[in-house]
Amino acid sequence: MAAGSAPEARGLMDEQTFLDNFNNLIYPHKTYLFYETERMQDDLWIPLDEYKGFLQNKGADMGLERRHAEPIFLERMASWNLDTELRYRITVFISWSPCPDCADELVKFLRENRHVNLRIFAARIYDYLQGYEAGLRALKAAGAEVAMMTFQEFEYCWKNFVDHQQDEDKPFPPWDNLDVRSEELSQRLAGILQNQED
DNA sequence: ATTTTCAAT
């Protein structure tokens, strides 16, 4: 894609939207999801830039049907018609971890698409709905990697999915207590994933 | 240990 095209067309998010929605200390009422795709070739993962970008959940505003970010992503992925003879790795960075229903949908996708590996990094744990722990465990059991975003992932997204306009080398500005919160959430997630009861 | 949770008021 041309370097001069609009940020949105290149799959880039503006800086403030990123900082406002991926901050792991606050509780926004919306979800953003970055995704990128790689294909296995000669034992190496080759990035496929045409399958890289981001999306947001759809709200009840404008009379639209409410949809979580994950079904929108699954629909977008289905439209790619990835070659079942090849091996793909899709990495998702999502501001809220999948709810139980979305986890189930992702699990179903993984069962039906064995040629796709899925890695999910979440900024925060969405624990509002009953059964969220079982949903996360089901994702892991289906072969997905599930982890919390740490400084490394926040910085990665900043560099790879955020539009910095003139200042391409603008460093990621971490918020206070990013690391402390990330560590807390990682410990919580580890406990959830290790727990056997469903 | 903590909570504001893919809104609605």
A:S97 or A:Y27, whichever maps to the more 5' nucleotide of DNA chain B: A:Y27

Candidate nucleotides B:dT3, B:dA7, B:dT2, ranked by approach to the side chain of A:D127 - the nearest: B:dT3

Among B:dA8, B:dT5, B:dC6, which nucleotide has an atom closest to any side-chain atom of A:A69? B:dC6

Distance below 4.0 Å between [X] side-chain N/O and [N] OP1 or OP2:
X      : N     : answer
A:N21  : B:dC6 : no
A:R67  : B:dC6 : no
A:R188 : B:dA1 : no
A:Y126 : B:dC6 : yes

Atom [atom1] of [X] and atom [atom2] of [N]: how far apart are they, to the nearest Å?
X      : N     : atom1 : atom2 : answer
A:L129 : B:dA7 : CG    : P     : 11 Å
A:F22  : B:dC6 : CZ    : P     : 15 Å
A:L185 : B:dT2 : CG    : P     : 12 Å

Looking only at atom [atom1], what distance separates [N] and [M], rounded to whole Å?
N     : M     : atom1 : result
B:dT4 : B:dT9 : C1'   : 14 Å
B:dC6 : B:dA1 : P     : 25 Å
B:dT2 : B:dA7 : P     : 25 Å

Can you say whether the rings of A:H164 and A:W158 are parallel (under 30°), tilted (30 to 60°) or perpendicular (over 60°)? tilted

Using 30° and 60° as the class limits, which term best fits the ring planes of A:W80 and A:Y35: parallel, tilted or perpendicular? tilted

Does atom CG of A:D167 have more than 12 heavy-atom neighbours, drawn from other residues, nucleotides or ligands, at distances under 6.0 Å? yes

Would you say the side-chain atoms of A:E153 and A:T150 include a donor-acceptor pair closer than 3.5 Å? yes

Taking any heavy-atom pair under 4.0 Å as a contact, classify A:C102: base, sugar-phosphate, or nothing. nothing

Counting the atoms with a prime plus P, OP1 and OP2 as sugar-phosphate, which does A:E70 contact under 4.0 Å by heavy atoms, base, sugar-phosphate, or nothing? base

Do A:R39 and A:D83 sit within salt-bridge range, that is, some charged N less than 4.0 Å from a carboxylate O? no

